[in-house]
Amino acid sequence: MTSTPVIEGLFSEEGGVAKLLGSRCATCATPYFPSSGRCHNPDCDNSDMGEAGFGPAGTLWSYSVQNYPPPPPARYDEPYVPYALGVVDLDDGLRVVGRMLVDDVANLRAGQRVELVIAPLYHEEDGSEALSWMFQPT
Ligand SMILES: [Zn+2]
């Protein structure tokens, strides 16, 4: 079985630690994900961009449950199981949306601690996995 990122270059996992790959402005510290080649902060007058990794620790700010299958081009495994999309404030300053990896979305609570993980988003007919970033409670 093969595992392939759903999009190349957005995340990494080394030694079991997941990171989102983006950039940060050295002048004003604004984080960007995906990476940006210039700073978009209107109050920043010196765009000085460098590569940055974000995660894995954060706090669930809010979430919403996707109760029905999303339309194409969204992909998911059959049979469809409702999942939650969370908005997470990573400890290193990035606010980012990601799918929540939980057994029961009824157990999610805004304010709970979560961690970034890399997990299968869906499977191809040949059984190979398409990986993406997700968040799970710690
Ligand atoms: Zn800046």
Side-chain angles (χ1 to χ4, degrees):
M1 183 181 67
T2 59
S3 299
T4 308
V6 69
I7 300 175
E8 292 284 348
L10 288 182
F11 52 83
S12 69
E13 188 173 28
E14 294 176 15
V17 178
K19 291 278 184 191
L20 294 177
L21 304 178
S23 57
R24 185 187 295 276
C25 176
T27 303
C28 69
T30 300
Y32 292 91
F33 176 77
S35 183
S36 175
R38 65 177 289 271
C39 186
H40 300 278
N41 177 355
D43 297 325
C44 180
D45 55 9
N46 183 24
S47 188
D48 181 10
M49 306 305 292
E51 292 183 2
F54 303 104
T59 301
L60 182 60
W61 180 74
S62 188
Y63 65 95
S64 179
V65 177
Q66 177 75 32
N67 283 305
Y68 54 88
R75 303 272 309 268
Y76 51 86
D77 287 337
E78 299 283 359
Y80 178 76
V81 176
Y83 59 84
L85 284 176
V87 181
V88 170
D89 287 324
L90 291 173
D91 291 352
D92 39 23
L94 183 74
R95 175 171 282 180
V96 63
V97 174
R99 191 159 158 164
M100 301 305 297
L101 190 61
V102 291
D103 291 334
D104 186 349
V105 294
N107 293 331
L108 289 172
R109 296 287 180 271
Q112 73 185 143
R113 296 291 289 166
V114 297
E115 69 175 352
L116 179 74
V117 294
I118 306 303
L121 185 63
Y122 58 86
H123 294 79
E124 302 287 357
E125 287 182 12
D126 65 4
S128 62
E129 299 175 326
L131 301 175
S132 188
W133 74 91
M134 299 186 189
F135 295 98
Q136 68 182 12
T138 57

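This chain uses plain numbering: 1 for the first residue, then up along the sequence. First listed ligand is number 1; within each ligand, the first listed atom is number 1.
- No donor-acceptor distance shorter than 3.5 angstrom exists from the side chain of D77 to the backbone of Y122, with no hydrogens or angles considered.
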Let me have the donor-acceptor pairs involving side chains of residues 57-66, under 3.5 Å, with sequence neighbours excluded, atom names and distances please.
from : atom 1 : to   : atom 2 : distance (Å)
T59  : OG1    : R113 : NH1    : 2.9
Y63  : OH     : L108 : O      : 3.1
Q66  : NE2    : Y68  : O      : 2.8

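- Alongside Y76, the hydrophobic cluster contains Y80, Y83, L85 (criterion: ILVMFWY side chains under 4.5 Å).
- Heavy-atom contacts from other residues, nucleotides or ligands closer than 6.0 Å to CD of E78 number more than 12.
- Judged as a side chain to side chain donor-acceptor pair (under 3.5 Å), and not counting sequence neighbours, the contacts of S3 are E129.
- Listed by chain and number, the protein N, O or S atoms at a distance under 2.8 Å from the Zn ion (ligand 1) are C25 SG, C28 SG, C39 SG, C44 SG.
- Distance check: L90 CG to F54 CZ gives 8.5 Å after rounding to the nearest 0.5 Å.
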